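Before any comments, here is the structure.
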Number of protein chains: 2
Amino acid sequence: MRALTPKGAATRQRIVEGAAKLIRDHGPANVGLDDIRAATATSKSQLFHYFPDGKADMLLAVAAHEAELVLEEQQPYLSDLTSWAQWEAWRDRVIARYAAQRRRCPLSALTAQLGLADPAVEKIITGMYTRWQRYVADGVRAVRPDADAERVATQLIGAIAGGATMLVATDDIRYLEIGLTEAIENLRRGAPGP
Amino acid sequence: MRALTPKGAATRQRIVEGAAKLIRDHGPANVGLDDIRAATATSKSQLFHYFPDGKADMLLAVAAHEAELVLEEQQPYLSDLTSWAQWEAWRDRVIARYAAQRRRCPLSALTAQLGLADPAVEKIITGMYTRWQRYVADGVRAVRPDADAERVATQLIGAIAGGATMLVATDDIRYLEIGLTEAIENLRRGAPGP
DNA sequence: TTCAAAGTGGACTGTGCAGTCCAAAATGCC
DNA sequence: GGCATTTTGGACTGCACAGTCCACTTTGAA
């Protein structure tokens, strides 16, 4: 297992990305190893070579990959929420991203189906949310030093999660638009102090 | 097919409730017909007698049952949000319910895994959300005739959905507490007019 | 009481799919 | 160039589990 030649690393990467796309499109329950094999032009033995513990192992890598992507796609705004203009740019980015992917939400799928089952996946998801919330809280402190930053950040992450959940459930983007917009507007008007 | 004797109706009901509980506890992916058979003291033939189209048919009935329960458990407050006291009682009820069930959220499981796949399940879920939102919007009109009731209701439902999603993902009730409390507080302070 | 329909028990089947195995080919280090 | 290690191909195995089948029992209406 130690030592991954460049070729091997590339294959592994191809598997993770291919699997991630399949899962996003069809849901984890409807994607088998044979689908992944076909989509990534690999063989059964390769799948188990790079992920010795099988499917669970692979889903772990997929979850880590997707979680990373979620944060990356919010950059550079997320790590620089130092003005209202940046806040609005961030909001627009988030909304645009969800509007584009519509129901194909990587986190909803992985969270609901695997979060409870596998503690390792759960750790990845919660770690991602923690980082996300820290970025947001930093932003709150930058524009509203008087506010309870953690509380506001909790509210904002919750609003996004709710918007995403409702988007998956009803294919309606307005829950996200309204929830996020109102939460930011509320902060702007003057947030609850500590 | 029509014509269900009292005994038959009771068996059917037992199956639905037993299956619902199993799915809540272990997630739809980890519950097989044999589990349901064992938990409800029935036989394979009974399962297919009452749900001729098999598992999908059964999950449909389970989804309808769970959706109904979600609304029922918010009564009598939900349909009478005519004072701030009622609003707070409703909020407390919602939070208490989720705090009690913790990660065993019937909707998260069904929504994420089946919502996208089966249009009939989706119809049940969206119908439930529509009714829910109508109740809330009626409540908004009762206490804040000047507000954009639909917009506020969208925000509130989104906040609850987000709280529930984060509860499942992180086992932390605060997203729901804070999200719902802030949204109501925001409405109370004076909501966005039309 | 009778008998048709509703309800029940549980063995059996078929298949989809995760995971195994072994042998061959490519790669990299000395 | 030669040998160990990594990478790859794909056939094979085993099982979990949805769905089938048929024989038997109970129910209820006339």
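Because the structure is a prediction, the values reported are computed rather than measured. Each chain gets a letter, A, B and so on, in the order its sequence line appears, and its residues count up from 1.
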Requested in this report: Would you indicate what B:K55 reaches in the nucleic acid, counting non-hydrogen atoms under 4.0 angstrom: base, sugar-phosphate, or nothing?
Outcome: sugar-phosphate
Requested in this report: Could you pull out the closest heavy-atom pair between B:T11 and B:Q46, with the gap in Å?
Outcome: CG2-NE2, 3.8 Å
Query raised in the report: Going by number, which of residues 32-42 of chain A have a non-hydrogen atom under 4.0 Å from DNA chain C?
Result: A:G32, A:L33
Report task. For the pair B:W132 and B:Y129, name the ring-plane relationship: parallel under 30°, tilted 30 to 60°, perpendicular over 60°. Result -> parallel
Query raised in the report: Do the side-chain N and O atoms of B:S79 and B:Q75 include a donor-acceptor pair separated by under 3.5 angstrom?
Result: yes
Query raised in the report: Can a donor-acceptor pair under 3.5 Å be found between the side-chain atoms of A:K44 and the base atoms of C:dG19?
Result: yes
Query raised in the report: What residues, two or more places apart in sequence or in another chain, satisfy salt bridge (charged side-chain N to carboxylate O under 4.0 Å, His left out) together with A:E66?
Result: A:R24
Taking only N/O atoms, report every protein-nucleotides 2-4 of chain C pair under 3.5 Å with atom names and distance.
none

Report task. Determine, for nucleotides 25-30 of chain C in 5'-to-3' order, which nucleotides have protein heavy atoms under 4.0 Å from the base (write B), from only the sugar-phosphate (write S), or from neither (write -). Result -> -SSS--
Which atom pairs, donor and acceptor, lie under 3.5 Å between side-chain atoms of residues 51-64 of chain A and protein residues at least two apart or in another chain?
{"from": "A:K55", "atom 1": "NZ", "to": "A:V31", "atom 2": "O", "distance (Å)": "3.0"}
{"from": "A:D57", "atom 1": "OD2", "to": "A:D53", "atom 2": "N", "distance (Å)": "3.3"}

Query - Under the salt bridge (charged side-chain N to carboxylate O under 4.0 Å, His left out) test, residues paired with B:R174 that sit two or more places apart - result: B:D172
Query raised in the report: Is there a donor-acceptor contact under 3.5 Å linking the side chains of B:R97 and B:Q101?
Result: yes
